[in-house]
Amino acid sequence: MKLPVLKIGNLVAQVPIIQGGMAIRLSTARLAAAVANEGGIGLIAASGMEEQELRTEIRLARKLTNGRGIIGINCMVAARAFKNLIVTAAQEGIDLIVAGAGFSRDIFAVGREYNVAVVPIVSSVKLAKISEKLGASAIVVEGTEAGGHLGTQQSIKEILPDIVKEVKIPVIAAGGATCGQDIVDLLNLGANGVQMGSRFAASEESNGARFLKEMYLKMTKEDVVQIDSPVGYKGRAIRSPFAQLSLEGRAPKPVICDACLKHCTHQFCIIRALSRAQQGDVETGLIFTGANMWKIREILPVKEIFRRIKEEIEAIEG
């Protein structure tokens, strides 16, 4: 099978793969640039960053791609700094803005003002149609298999066909894809592209600490759980000691509140918990994961990940 290109507005990705924007600081310039250099779309996770830090990451990604790759950001709508971060990225000439963990109408005005492609993450036909009407260049349709904050408990394979029928803009499927066969299955259901998070979290270029990546390789299918996030959504995570405390309602409440979210239940500080995991503290950190992360058994360079995916897809008939 031959992979199609992915067109989002004026952008053309030679490989229809978007790397998921994984916060906090898991998806930074090095990972995004490596994906973009292989013909995919690389995303910098802006949530939890300061504006100047985001500018620095975007500029570094441009340098690492020699200004030729497609680089975007992913940002949580639930973050209080959301508007400032997407405007900062737009001012830096980012190629596209992907927004999840909530739905924002403000983002479309920013997209028009700066001529930046806007790509909301949705999990329903209703939000898909609203996104198209408001001017989205594409949408990411996320099923329950995805990592992090979840907008649905339905499988991507259940919701994808219905959404594809209802919109004319490109549809990128997200949730559970770790290999070439997964990508082909989603493309055959009508997706124009596929977003992959877990496979790139477990890459050499991912900005996660060694202990975090070792945790990915040690986990089993039974270690995948859903916790209640302070953001107000379910969150898919690895059953770490911290996640277990959360499941039992005993996660330590914040001593200091940075007021980083628009709305927060204050069950625990999710920004700090995710940051601890990224830095390698797998005991007191929250480790977000996709449903199929347990299938990944090697930490590989992005170039090798793409090579294997292409090889797997070329071997599939159809």
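- Scanning both residues, Phe211 and Gly280, for their nearest heavy atoms gives CB-O, 3.4 Å.
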Expected list for residues 156-179: side-chain donor-acceptor pairs under 3.5 angstrom, two or more places apart:
unit_1	atom_1	unit_2	atom_2	d
Glu158	OE1	Gln154	NE2	3.4
Thr178	OG1	Asp182	OD2	3.3

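- Within the 4.5 Å cutoff, side-chain heavy atoms of Ile107 are placed close to those of Phe82.
- A donor-acceptor contact shorter than 3.5 Å links the side chain of Asp281 to the backbone of Thr284.
- Distance check, rounded to the nearest 0.5 Å: CZ of Arg68 to OG1 of Thr65 gives 8.0 Å.
- The minimum heavy-atom distance between Ala89 and Ile73, with the atom names listed, is CB-CD1, 3.6 Å.
- Taken to the nearest 0.5 Å, the SG atom of Cys260 stands 4.5 Å off from the CD1 atom of Ile271.
- The minimum heavy-atom distance linking Ile24 with Gly48 is given by the pair CD1-CA, 4.1 Å.
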Side chain to side chain contact (heavy atoms under 4.5 Å, CB included) between Ser246 and Gln267, worked out: CA-CA 8 Å; Ser246 177; Gln267 296 157 278; 5.6 Å; no
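- Side chains of Ser240 and Glu283: a donor-acceptor N/O pair is absent below 3.5 angstrom, by distance only.
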Steps toward salt bridge (Lys or Arg N to Asp or Glu O under 4.0 Å) verdict (Asp95, Arg62): CA-CA 11 Å; Asp95 294 314; Arg62 292 296 189 203; 3.0 Å; yes
Show me the donor-acceptor pairs within less than 3.5 Å that the side chains of residues 137-144 make with the rest of the protein, sequence neighbours left out.
unit_1	atom_1	unit_2	atom_2	d
Thr144	OG1	Thr152	O	3.4
Thr144	OG1	Arg236	NH2	3.2

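- Among residue pairs with one or both ends in residues 102-116, those qualifying as side-chain hydrogen bond (donor to acceptor under 3.5 Å, both in side chains) are Gln91-Tyr114; sequence neighbours excluded.
- Phe103 is connected to Val116 through a chain of hydrophobic side-chain contacts under 4.5 Å among Ile, Leu, Val, Met, Phe, Trp and Tyr, so both are in one cluster.
- With contacts defined as side-chain heavy-atom distances shorter than 4.5 Å, the pair Leu247/Val225 qualifies.
- By the 4.5 Å heavy-atom criterion applied to side chains, Phe200 and Met22 are counted as neighbours.
- Scored by the side chain to side chain contact (heavy atoms under 4.5 Å, CB included) test, Ala209 finds no partners at all (sequence neighbours excluded).
- Ile316 and Ile309 fall within a single hydrophobic cluster, where Ile, Leu, Val, Met, Phe, Trp and Tyr side chains are chained together by heavy-atom contacts under 4.5 Å.
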Steps toward salt bridge (Lys or Arg N to Asp or Glu O under 4.0 Å) verdict (Arg307, Glu304): CA-CA 5 Å; Arg307 189 195 70 77; Glu304 177 63 12; 2.9 Å; yes
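- Residue pairs meeting the side-chain hydrogen bond (donor to acceptor under 3.5 Å, both in side chains) criterion with at least one partner in residues 192-213, sequence neighbours excluded, are Arg210-Glu214.
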Stepwise side chain to side chain contact (heavy atoms under 4.5 Å, CB included) test for Met196 and Val194: CA-CA 6 Å; Met196 303 177 78; Val194 176; 4.1 Å; yes
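- For the pair Ile270 and Ser229, the tightest heavy-atom approach, listed with the atom from each and the gap, is CD1-OG, 3.2 Å.
- For the side-chain hydrogen bond (donor to acceptor under 3.5 Å, both in side chains) condition, the pairs that include at least one residue of residues 24-48, sequence neighbours left out, are Gln19-Ser27, Arg25-Glu53, Glu38-Lys303.
- Listed by chain and residue number, Cys257, Cys264 satisfy the side chain to side chain contact (heavy atoms under 4.5 Å, CB included) test with His266 (two or more places apart in sequence, or in another chain).
- From His149, atom NE2 reaches atom CZ of Phe288 across 4.0 Å, with rounding to the nearest 0.5 Å.
- Between Met293 and Met219, the closest side-chain pair of non-hydrogen atoms falls below 4.5 Å.
- When all heavy atoms of Gly193 and Leu187 are compared, the pair lying nearest together is N-CD2, 4.0 Å.
- Interatomic distance, CD1 of Ile121 versus OG of Ser131, reported as 10.5 Å (0.5 Å rounding).
- The shortest side-chain heavy-atom distance between Glu92 and Glu51 does not fall under the 4.5 Å cut-off.
- Ile44 has its side chain within reach of Ile58: a pair of non-hydrogen atoms, C-beta onward, lies under 4.5 Å apart.
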Derivation and outcome, side chain to side chain contact (heavy atoms under 4.5 Å, CB included), residues Tyr233 and Leu150: CA-CA 6 Å; Tyr233 291 88; Leu150 304 175; 5.9 Å; no
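- Annotation: side chain of Leu6 is in contact with side chain of Ile18 (closest heavy-atom distance under 4.5 Å).
- Residues forming a side chain to side chain contact (heavy atoms under 4.5 Å, CB included) with Leu60 (at least two apart in sequence, or on another chain): Ala29, Leu64.
- Clustering ILVMFWY residues whenever any of their side-chain heavy atoms sit less than 4.5 angstrom apart, transitively, puts Val98 in the very cluster that holds Leu11.
- Side-chain contact check for Gln181 versus Ile313: every heavy-atom pair is 4.5 Å or farther apart.
- Annotation for Ile299: hydrophobic cluster partners, listed by chain and number, are Leu217 (ILVMFWY side-chain heavy atoms under 4.5 Å, direct or chained).
- Judged as a salt bridge (Lys or Arg N to Asp or Glu O under 4.0 Å), and not counting sequence neighbours, Asp223 has no contacts.
- Both Leu186 and Val122 are members of a single hydrophobic cluster when ILVMFWY side chains are connected at heavy-atom separations under 4.5 Å.
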Verdict with reasoning, Leu26 to Leu212, per side chain to side chain contact (heavy atoms under 4.5 Å, CB included): CA-CA 10 Å; Leu26 207 60; Leu212 174 61; 3.7 Å; yes
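- Leu286 contributes atom CG, which lies 9.5 Å from atom CD1 of Ile238 (distance to the nearest 0.5 angstrom).
- In the hydrophobic clustering of this structure, Val118 groups with Leu54; members are Ile, Leu, Val, Met, Phe, Trp, Tyr whose side-chain heavy atoms approach within less than 4.5 Å, directly or through other members.
- Sorted by first then second residue, the side-chain hydrogen bond (donor to acceptor under 3.5 Å, both in side chains) pairs that include residues 74-84, not counting sequence neighbours, number zero.
- Summarising the geometry, atom CE belonging to Met76 is positioned 10.0 Å from atom CG belonging to Leu85; distances are rounded to the nearest 0.5 Å.
- Every side chain to side chain contact (heavy atoms under 4.5 Å, CB included) that Thr56 has, sequence neighbours left out, goes to Gln52.
- Between Phe268 and Phe242, the ring planes lie perpendicular to each other; the angle is over 60°, past the 30° to 60° tilted range.
- Of all non-hydrogen atoms in Val77 and Gly102, the two that sit nearest each other are CG2-O, 3.5 Å.
- At most 12 non-hydrogen atoms from other residues, nucleotides or ligands lie less than 6.0 angstrom from NZ of Lys7.
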